[in-house]
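See below for the structure under consideration.
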Number of protein chains: 2
Amino acid sequence: MLDATSSYKPTGSRSSPYETGQSIVPETTRRADRLPGNRYGNRPTMKDVAARAGVGLKTVSRVVNGEPGVTPDTERRVQEAIEALGFRRNDSARVLRKGRTASIGLVLEDLADPFYGPLSRAVEEVARAHGALLINGSSAEDPDREQELALALCARRVDGLVVIPAGDDHRYLEPEIRAGVATVFVDRPAGRIDADVVLSDNYGGARDGVAHLIAHGHRRIGFIGDMPRIHTAAERLRGYRAAMRDAGITVEERWMSLGATNPERVRRAAQEMLSGPDPVTAVFTGNNRVTVTVIRVLAEQTRRVALVGFDDIELADLLQPGVTVVAQDAAALGRTAAERLFRQLDGTLLVPERIELPTRLVTRGSGELPPAD
Amino acid sequence: MLDATSSYKPTGSRSSPYETGQSIVPETTRRADRLPGNRYGNRPTMKDVAARAGVGLKTVSRVVNGEPGVTPDTERRVQEAIEALGFRRNDSARVLRKGRTASIGLVLEDLADPFYGPLSRAVEEVARAHGALLINGSSAEDPDREQELALALCARRVDGLVVIPAGDDHRYLEPEIRAGVATVFVDRPAGRIDADVVLSDNYGGARDGVAHLIAHGHRRIGFIGDMPRIHTAAERLRGYRAAMRDAGITVEERWMSLGATNPERVRRAAQEMLSGPDPVTAVFTGNNRVTVTVIRVLAEQTRRVALVGFDDIELADLLQPGVTVVAQDAAALGRTAAERLFRQLDGTLLVPERIELPTRLVTRGSGELPPAD
DNA sequence: CTGAAAGCGCTTACAG
DNA sequence: CTGAAAGCGCTTACAG
């Protein structure tokens with residue numbers, strides 16, 4: 001069955017992105033030899049099946065797609081040819097002809113962040129329910145990389161795009177959207193274009209969380225958040241300010257620290273506001289990564305410092321004290337966004353909308369500690 | 001610019017998987033109206049660009065791909081046409097002609113499991129470095145769904161497949177592998193086919209973890225793991241048995257419990273081995289989900305019970321006591337698998353191999369507790 | 001330096 | 001019930 005001249009390279013793959021050089025491995029041990037000899041290593045096509053079954057191309061297409069109008073006998077012959085040849089329909093070719101690719105793209109920040117796991121799973125579930133595949137990639141919080149990825153997905157002609165923005169200018173997507181690519185932004189709003197957006201109530205959640213600390217007697221409350229150019233960070237800071245203002249508390253500059261969420265920076269920021277003559281008695285942390293680091297810093301303190309964090313974290317209930325958080329529903333964010341995407345696709349959606357999902361305050365102990373002084 | 005008869009549906013998309021019915025929305029407010037009027041809502045093609053620039057198709061192709069042999073003046077005219085039309089090359093069509101799709105598939109168990117986040121990120125990073133996109137999906141631990149997904153990815157003609165198996169029979173992939181689809185299994189071995197496999201040293205890791213408990217004086221040690229049909233669960237149980245045997249301890253049936261990792265089942269299993277006349281004094285947990293539940297159960301006990309868990313978990317160091325674990329390097333698993341995939345693709349790889357990555361015992365307190373009796 | 005023709009593997013529209 | 005022809009949007013191989 002094997003053709004000695006068969007090559008593992010599909011015809012014309014010389015410029016494949018993967019090729020790094022010539023192999024010097026003896027031909028006899030190469031995986032290449034596993035390839036069937038038909039057509040220089042290529043797979044059988046409908047044409048091959050048609051030839052073998054002695055029928056026309058269209059008849060094979062009918063059988064493969066389960067269309068009616070084929071006699072049982074013809075169908076059997078085609079099926080046999082399919083089996084014998086190991087034919088599998090090339091959906092890329094199919095899709096080129098049909099117009100839609102039944103795939104959607106997801107551009108997120110970092111797959112390894114526990115917040116995005118449930119979100120992407122939810123997007124995937126909805127895609128699956130609509131018969132679509134998910135192509136995804138991470139921007140690593142880099143606006144250029146976000147754009148590069150989103151446009152690469154558009155070039156693959158995904159039917160729609162779910163984007164967790166890293167950048168704040170998405171005008172580069174305008175031609176794509178006009179050309180029919182359904183687009184929904186999640187977690188953070190789109191920048192400078194009019195598009196569907198699904199967000200958590202970052203402002204209200206932070207405000208409630210901080211108000212909770214105030215209700216337990218705190219006045220000197222710190223805020224440690226992500227870089228201010230990130231929308232969620234700015235909104236949560238705004239919520240913090242609002243709660244403080246509502247309580248008649250004048251916020252001091254040194255109580256607030258926005259910046260990268262790497263442990264070193266967060267640790268320094270926390271230590272600064274916890275030292276000096278009038279240290280904060282409570283901290284509000286702006287996201288899960290910040291919360292985790294601050295928990296570590298607080299564990300080293302002799303004083304008891306209250307803490308409320310934005311985003312829930314695993315095992316938060318088992319720490320001493322349990323960690324009080326403002327929880328977002330990451331799965332609901334993903335699900336809502338994906339469902340909206342498919343409603344755009346089936347044409348039932350009209351004008352871009354901004355959807356805000358509520359947050360939930362989960363009290364576990366750390367947010368109910370009284371001020372230490 | 002807008003053609004009043006333009007429709008948002010690409011030609012022939014009647015049978016699109018997304019279409020659920022006819023919209024009754026007035027035409028004037030439909031997103032459809034955003035589409036340019038060229039070709040019934042379709043996007044401009046190279047042919048359109050060529051016509052507008054007054055050049056041949058091949059010249060447009062040259063410009064788009066940055067190939068040499070185009071005069072600056074011609075190139076400028078083509079570029080202008082591209083801008084004016086909002087042309088973006090259809091990579092699906094390109095790929096159909098070129099043979100390889102520059103995309104790989106990832107079939108995993110559950111994107112929302114914190115173990116798989118870093119693993120998929122690592123796969124994605126390697127794919128990106130090789131200019132490939134990642135298409136992924138979850139099997140939800142269902143062998144049929146794994147197969148359906150893997151074959152759908154093959155029908156899309158991914159160049160390669162990274163599979164975290166749910167099932168134990170992968171002969172269904174044989175025709176695909178023969179046809180040239182590079183394939184690597186991670187975390188669990190392939191079933192009934194010869195293929196590249198990248199695993200953690202589940203047996204050795206579990207054996208060392210249990211030996212650690214024995215070294216701290218324990219003899220009645222429980223094991224709670226995942227369903228026995230899952231390879232990692234079986235291997236870890238084997239490691240447990242080996243450590244016990246090496247220490248001359250006869251294992252009692254009631255010390256071992258394998259099954260689904262939902263909290264209810266695990267909780268019951270833990271409670272059973274912790275009660276009765278001769279309760280276990282230590283527990284070895286078979287994965288991160290089991291560990292988390294068992295930590296909760298142990299927190300409710302009056303007695304101090306030692307614990308070593310397979311898989312690291314976030315905040316494990318902040319619990320009281322800190323949780324001692326056998327840590328796997330999820331990112332290294334993903335990276336190794338993806339790199340092997342691309343080495344298959346560039347032809348430098350020969351025979352399928354089984355690669356085992358070491359685990360690491362991280363002592364934090366819970367595994368060093370002495371027996372309570 | 002430039003372009004017309006053929007082809008990648010399917011589906012569509014049409015004719016028998 | 002069946003199939004030949006044209007076309008989806010590109011690239012390849014070739015000729016000027």
Side-chain angles (χ1 to χ4, degrees), chain A residues 9-16 38-51 53-78 82 85 87-102 155-157 179, chain B residues 9-16 38-51 53-78 82 85 87-102 155-157 179:
Chain A
K9 306 265 185 216
T11 313
S13 72
R14 288 277 158 107
S15 59
S16 145
N38 55 321
R39 311 262 294 278
Y40 308 102
N42 279 333
R43 308 183 64 136
T45 69
M46 281 193 181
K47 203 171 151 195
D48 300 324
V49 175
V55 300
L57 193 57
K58 177 62 196 168
T59 298
V60 177
S61 176
R62 285 198 180 89
V63 172
V64 169
N65 295 301
E67 288 168 21
V70 182
T71 53
D73 183 59
T74 308
E75 171 158 8
R76 192 184 41 70
R77 281 200 348 261
V78 171
I82 288 176
L85 261 32
F87 169 79
R88 180 171 310 284
R89 184 181 66 195
N90 183 334
D91 280 352
S92 296
R94 168 171 222 241
V95 125
L96 172 63
R97 182 64 235 238
K98 288 193 87 88
R100 281 195 178 168
T101 59
R156 289 298 178 98
R157 295 293 186 267
Chain B
K9 306 266 186 218
T11 314
S13 72
R14 288 278 158 104
S15 58
S16 145
N38 55 320
R39 312 262 294 277
Y40 308 102
N42 278 335
R43 307 184 63 137
T45 69
M46 280 193 182
K47 202 171 153 194
D48 300 322
V49 174
V55 299
L57 192 58
K58 177 62 196 168
T59 299
V60 177
S61 175
R62 285 197 181 90
V63 171
V64 168
N65 295 302
E67 287 169 22
V70 182
T71 53
D73 183 60
T74 309
E75 171 158 9
R76 193 184 41 70
R77 283 200 346 262
V78 172
I82 288 175
L85 261 32
F87 169 79
R88 180 173 309 285
R89 184 182 65 196
N90 183 334
D91 280 353
S92 297
R94 169 171 221 241
V95 124
L96 173 61
R97 183 63 235 238
K98 287 193 87 87
R100 281 195 176 166
T101 59
R156 288 300 178 98
R157 295 293 186 265

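These numbers come from a predicted model, not from an experiment. Just so we're on the same page: letters track the sequence lines, and every chain starts at 1.
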For this session: May I ask you to evaluate whether A/K98 reaches the phosphate of C/dT12, defined as a side-chain N or O under 4.0 Å from OP1 or OP2?
Result: yes

Exercise. Which of these nucleotides, C/dC10, D/dG9, D/dT11, is closest to any side-chain atom of B/N90?
Worked result: D/dG9

For this session: Could you tell me which residues satisfy salt bridge (Lys or Arg N to Asp or Glu O under 4.0 Å) with B/R77, sequence neighbours excluded, listed by chain and number?
Result: B/D73

For this session: Please report, rounded to the nearest Å, how far the P atom of C/dC10 is from the NZ atom of A/K47.
Result: 11 Å

Exercise. Heavy atoms, side chains only, cut-off 4.5 Å: are B/T74 and B/V55 in contact?
Worked result: yes

Exercise. Taking atom C1' of D/dT11 as reference, at what distance in whole Å does atom CG of A/L96 sit?
Worked result: 13 Å

Problem set entry | Interatomic distance where CG belongs to A/D91 and P belongs to C/dC8 [whole Å] | 18 Å

For this session: Could you check how far CG of B/D73 sits from P of C/dC1, rounded to whole Å?
Result: 13 Å

Problem set entry | Separation of B/L96 CG from A/N90 CG (nearest 0.5 Å) | 6.5 Å

Exercise. Are any of the side-chain heavy atoms of A/E67 and A/K58 separated by less than 4.5 Å?
Worked result: yes

Exercise. With a non-hydrogen cut-off below 4.0 angstrom, is B/V95 in contact with a base, only sugar-phosphate, or nothing?
Worked result: nothing

Problem set entry | For atom CZ of B/R157 and atom P of D/dC10, their distance in whole Å | 21 Å

Exercise. Got a sec, which residues hit salt bridge (Lys or Arg N to Asp or Glu O under 4.0 Å) with B/E75, two or more places apart in sequence or on another chain?
Worked result: none

Problem set entry | Protein-nucleotide distance (B/I82, atom CD1; D/dG9, atom C1'), rounded to Å | 14 Å

Problem set entry | Secondary-structure string, 5' to 3', Watson-Crick or G-U under 3.5 Å, | for another-strand partners, for DNA chain D | |||.||||||||.|||

For this session: Between D/dG9, D/dT11, C/dT11, spot the one nearest the side chain of B/L57, thanks.
Result: D/dT11

Seminar exercise, completed: With sequence neighbours left out, the residues meeting salt bridge (Lys or Arg N to Asp or Glu O under 4.0 Å) with A/R156 are none

Seminar exercise, completed: A/M46 atom CE is separated from C/dT12 atom C1', nearest whole Å, by 13 Å

Problem set entry | DNA chain C contacts made by residues 60-69 of chain A, counting heavy atoms under 4.0 Å | A/S61, A/N65

Exercise. Less than 4.5 Å apart, any side-chain heavy atom of B/R89 and any of B/N65?
Worked result: yes

Exercise. Would you call A/D91 and B/R157 a side-chain contact if the rule is heavy atoms closer than 4.5 Å?
Worked result: no

For this session: For B/R94, enumerate each residue passing the salt bridge (Lys or Arg N to Asp or Glu O under 4.0 Å) test, keeping only those at least two apart in sequence or located in another chain.
Result: none

Exercise. Do you know the tightest heavy-atom contact between A/F87 and A/T45?
Worked result: CE1-C, 3.6 Å

Problem set entry | B/K58 side chain, from C-beta outward: closest of C/dT2, C/dA4, D/dC10 | C/dA4

Seminar exercise, completed: Judged by nearest nucleotide, the residue sitting upstream toward the 5' end of DNA chain C, B/A93 or B/G56, is B/G56

Exercise. Using a cut-off of 4.0 Å on non-hydrogen atoms, how would the nucleic acid contact of B/S92 be classed: base, sugar-phosphate, or nothing?
Worked result: nothing

Problem set entry | Nucleotide nearest A/R97 (side chain, heavy atoms from C-beta), chosen from C/dT2, C/dG9, D/dC10 | C/dG9

Exercise. According to a strict under-4.0 Å criterion, is A/T71 in side-chain N/O contact with OP1 or OP2 of D/dT2?
Worked result: yes

